[in-house]
Each structure stands twice: as structure tokens, then as C-alpha cells.
Amino acid sequence: MPHTSSHLMRAYAPQPVSFIRGSGVHLWDEQGVEYLDAIAGVAVTSLGHAHPEVTAVITEQAGMLLHTSNVFRIDWQERLGERLCTMSGMETAFFCNSGAEANETALKLAKLHGHRKQVAQPKIVVMENAFHGRTLATLAATGNPAAQHGFGPLLPSFLRVPYNDIEAVRQAAAQEPGIVAVLIEPVQGEGGIRVASPDYLRELRTLCDQYGWLLMLDEIQAGLGRTGAWFGHQHAGITPDVMTLAKALGNGFPIAACLARGAAADLFSPGQHGSTFGGNPLACRVACTVLDIMFRDQLQERAAVLGARLLGGLQEALSDHPNVISIRGQGLMVGIELNQSCGELVRRALDEQHLLITVTRDTTIRLLPPLVCNEEQIDDIVVRISRLLSPVTRYSVHSSKS
Ligand SMILES: *Cc1c(COP(=O)(O)O)cnc(C)c1O
């Protein structure tokens, strides 16, 4: 399908398939072909496609009230703020429309926190291979030179260290007195499914307390049950000072949140931050319903059970595969790293296995199935991935003989 004839900016290179309908873990294209969705719109549709209760609440609220503006109190926003704070141990919430915007909010909080401490040039510690978004500030926080290329000069507020390396953070602390916060994903998603060790997160918490830094967790991809806990940092038994959420919060309806507590809870005064669409009645009511369903069906527990099944199944099926370097993950965030570029597998998975996957960091297959999968569907993902990867074996054996 020639992309050049389109009037879309070439920010993406989409696959030629276009889906017109979904239900649960399945999607159908224009020809009526059924696909199994192992990526959930990149960790967005955790409740599956066209969830009937989500559809019903969107329909009902759309018939009542979409938007009024933050000039006025918004009841559903207050309720959602209370819900999220109760489930996370946070104290205050700010609502916006995308993950990047939530992280922008967190970064502004870090700067305010620094200036309150009389730090003239506040610095934020960020990680190698991090992904925090595409706006200018979140791009600067992102640890991917290819994504940053062409957009300099970048915001100079960041200090980058290796992930899962507490000594590197200690060294940064000793060298840079201007540090005011650490921003980190509990599991790096775009970065290739890398899980922060619980000890490392606990040590980060201790360092932040010691220096008066804000510990800011980007839970946009890992949060809301996906890793087998409501939030990824809960595996380490810590509470952050700031946490951002987006992706699964509206099950596809755009909404994001920045939550804060303690020193970070009340840094904004009126006029310092805002968002026209942020926290509108429709988005907030949808998110309340999403949380209702997640709690009622205990989907964080399901993610733990299904994630163990997926990881175990893949390890059993692929442990001897000559091209597989590592199979890793937490809950329903799973990565299969190969010893070669494998971007073309996305297309082949669609064509040959009718399976939706993504590839990240060029060599890692990423699986983020909906949390509402059943056991058979998880096993089906394993079977389709095994079939998908078997020709790679043949290719590899063949080429090594020639
Ligand atoms: C997707 C993602 C973002 C960016 O979210 P957008 O809604 O695309 O702006 C930020 N951080 C993480 C960890 C993400 O996975």
C-alpha cells in the first residue's frame, strides 16, 4: 500500500492492515479476517476491545455531558482522583490526555520542588534506554539517541545513568549537587522489557529520602495491573513521590494522570499548570469504570497468573531456539530477545499467524496481551510465536552451513 499517496505526515510506517472491529482479544480487518491481539494497542486496551461496560458508559455519558472546562468543578474528576489516590497511596492528582503530558507534569513538579529548595538549575536523573514520550521535555528524558536525533538542542535538565545500577546514582549524587528528582520506569517497555530489581528500587527510595529528591515512577505502560500488581513499584514495596499513568486508564479513551504525595502533593498553585481537555467528565467517568472492572475482576492477579503461564510457555517452547537470547518479563509484559534484527516479524506475524505483536529495540519481540485473556488464548499466543520463529531457525541453520 503506497504510503506516499497519503496526506499523513510520515511519523509512522504503519502495517498495511486496517482493523474495523474488535471484541475482547480479537480484531477483524476489512476482509473479515480474524486476528489475535497480543499487544493491546501497546498496553492500552487491557480490558480487551469493545468492552460492553466501557462502551455503555461512554454512550451514556456522551449523551449527558462531554466537556465543561476546568474553570468549573468536575465531579467525575474528583471521584477519579480519590479512587486513584486510595489505590496507590498517593495524595493528589492532575489529569491530562497522554502519557507525555503526564510526564511533563511530573517534570514541572520536579522543577518546582528544586526551586523551592533554592536549587537554581534543577537536574533530574533519568535512565539509559528510558522512554518517557515525544514532547520536547520528555524526549530529552528519553534514553534513545535515534529518537532524539534532529531535535536538538534538547532540554539540558537531565543526568543519565545505567538502569538497575545504584552505584551510578550514588556517583551522580556525589558529583552533582543540583539533583532534585529521579524519573524511572519500573519495567522499561520501549527499552526492551527490562525489569527493575526490587532491591534497586528500594535503594533508590532510600537515596531519594536521604537527599530530599522526588522519586518519580513512570507507570504509564507497567501500571494498572499489567505487571501482576496494581503498580510496578509495588513489587518492591515502595511508594513513589510522583507517579504517572496513561495507556490502560481509559481502555482506549484518551486520559492520563500525574499523582503526587508528600513534598510533591501541593507544589502547583492556580495558573501554573493546565490542560483544556484534561480531566473532562467523559474521560474521567470512563476511567472510573475501567478501574471498577479491573478491581471487580482482580485483573492484576490475572496478569500475574497469565504472565507466568506465558513466560513459562515461551521458555519451554523456545529455550533451545538458536536465535533466542533471552525471554523475560513481569506479568503480562514479556520480551523475547533475538540475536538479530527482527522488525520484519511484525508483518509476518500478521500475515502468517494472524497475530499482533511489536518489536522494540530492533531485536526484541514485545508481548502485551490484554489482561482479560483466558488460559487458552495465552497458550495460543505461545503456539503462534513458536510457529512464527521456526522459519528463523531454518534460515539460520541454512545460512550457517553455506
Ligand atoms: C507510552 C509511554 C509514554 C508516552 O505516552 P503517550 O501517551 O504516547 O504520550 C511514556 N512513558 C512510557 C513508559 C510509555 O510506555
Side-chain angles (χ1 to χ4, degrees), residues 9 11-12 14 39-46 94-110 124-144 147-148 151 155 158 160 163-164 181-196 201 215-227 229-233 235 240 242-259 275 277-279 283 286-287 290 303 329-335 358-361 364 366-371:
M9 290 192 192
Y12 302 99
I39 195 70
V42 192
V44 169
T45 50
S46 280
F94 179 87
F95 292 104
C96 43
N97 315 286
S98 70
E101 215 185 327
N103 282 337
E104 288 275 343
T105 307
L107 295 171
K108 283 177 80 172
L109 288 176
I124 297 147
V125 175
V126 290
M127 303 296 148
E128 287 176 6
N129 294 319
F131 183 77
H132 297 299
R134 302 292 197 154
T135 60
L136 284 169
T138 60
L139 183 64
T142 288
N144 180 351
Q148 294 171 333
F151 300 107
L155 198 68
F158 300 101
R160 197 169 306 282
Y163 194 65
N164 263 331
V182 177
L183 175 63
I184 182 171
E185 299 152 89
V187 181
Q188 290 185 330
E190 309 299 310
I193 311 290
R194 308 243 167 224
V195 183
L201 287 179
L215 180 55
M216 310 202 296
L217 267 292
D218 179 341
E219 294 263 8
I220 288 166
Q221 191 162 148
L224 298 169
R226 179 153 292 278
T227 67
W230 286 122
F231 304 106
H233 64 262
H235 294 287
V242 176
M243 167 166 70
T244 52
L245 297 173
K247 293 199 160 86
L249 187 53
N251 204 52
F253 197 92
I255 178 168
C258 178
L259 308 175
S275 166
F277 297 136
V286 170
V290 168
Q330 190 171 47
L332 285 175
M333 276 184 99
V334 171
T358 66
V359 165
T360 180
R361 291 274 147 173
T364 302
R366 177 170 50 162
L367 302 176
L368 302 162
L371 311 190

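Quick note: numbers below take in every heavy atom, side chains included, and nothing from hydrogens, waters or symmetry partners. For ligands, and for the atoms within them, numbers begin at 1 and follow the listed sequence. This one's a predicted model, so the numbers in the text were calculated from it and none came from an experiment.
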Check your understanding: What do we get for Thr244 next to ligand 1 when only non-hydrogen atoms under 4.0 Å count, side chain, backbone, both or neither?
Key -> neither

Exercise for review: Using a 4.0 Å heavy-atom threshold (strictly under), name the region of Glu101 that reaches ligand 1: side chain, backbone, both or neither.
Suggested key: neither

Review point. How does Ser98 reach ligand 1, if at all, at less than 4.0 Å between non-hydrogen atoms: by side chain, backbone, both, or neither?
Key: both

Exercise for review: Could you check atom 11 (N) of ligand 1 against the protein and tell me its nearest heavy-atom contact, residue, atom and distance included?
Suggested key: Asp218 OD2, 2.8 Å

**Study point:** Any donor-acceptor N or O pair under 3.5 Å, side chains Gln221, Arg366
**Key:** yes

Check your understanding: Is there a nitrogen or oxygen of Gly133 sitting under 3.5 Å from a nitrogen or oxygen of ligand 1?
Key -> no

Review point. Distance-only, no hydrogens or angles: does the Arg226 side chain make a donor-acceptor pair with backbone N or O of Leu332 under 3.5 Å?
Key: yes

Exercise for review: Identify, by atom number and element, the atoms of ligand 1 in contact range of Glu185, meaning under 4.0 Å from any of its heavy atoms.
Suggested key: 13 (C)

Practice item. Report yes if Gln221 has an N/O atom closer than 3.5 Å to an N/O atom of ligand 1; otherwise report no. Key: yes

Point to revise | Protein heavy-atom partner closest to atom 2 (C) of ligand 1 - residue, atom, separation in Å | key: Lys247 NZ, 2.5 Å

Exercise for review: List the steps and the verdict of salt bridge (charged side-chain N to carboxylate O under 4.0 Å, His left out) for Arg194 and Glu185.
Suggested key: CA-CA 9 Å; Arg194 308 243 167 224; Glu185 299 152 89; over 6 Å; no

Review point. Donor-acceptor pair, Glu190 side chain versus Gly133 backbone, under 3.5 Å?
Key: no

**Study point:** Heavy-atom protein contact below 4.0 Å for atom 9 (O) of ligand 1
**Key:** yes

Practice item. Could you walk me through whether Phe131 and Ile220 pass side-chain contact (heavy atoms from CB on, under 4.5 Å), step by step? Key: CA-CA 10 Å; Phe131 183 77; Ile220 288 166; over 6 Å; no

**Study point:** Heavy-atom closest pair, residues Thr227 and Gly232
**Key:** OG1-CA, 3.7 Å

Review point. Which is it for His132 and ligand 1 at heavy atoms under 4.0 Å: side chain, backbone, both or neither?
Key: backbone

Review point. More than 12 heavy atoms of other residues, nucleotides or ligands under 6.0 Å from CZ of Phe277: is that the case?
Key: no

Practice item. Report yes if some heavy atom in the side chain of Leu224 is under 4.5 Å from a heavy atom in the side chain of Ser46; otherwise report no. Key: no

Revision key, fill the gap. Closest to atom 5 (O) of ligand 1 among protein heavy atoms sits Gly99 CA, 3.3 Å

Review point. Within a reach of under 6.0 Å around CG of Leu136, are more than 12 heavy atoms found that belong to other residues, nucleotides or ligands?
Key: no

Review point. Purely on distance, is any nitrogen or oxygen of Ile220 under 3.5 Å from one on ligand 1?
Key: no

**Study point:** Distance filter under 4.0 Å to Asn103 heavy atoms, resulting ligand 1 atoms
**Key:** 10 (C), 11 (N)

Practice item. Can you sort out which atoms of ligand 1 are near Ala100, meaning under 4.0 Å from one of its heavy atoms? Key: 4 (C), 5 (O), 6 (P), 9 (O)

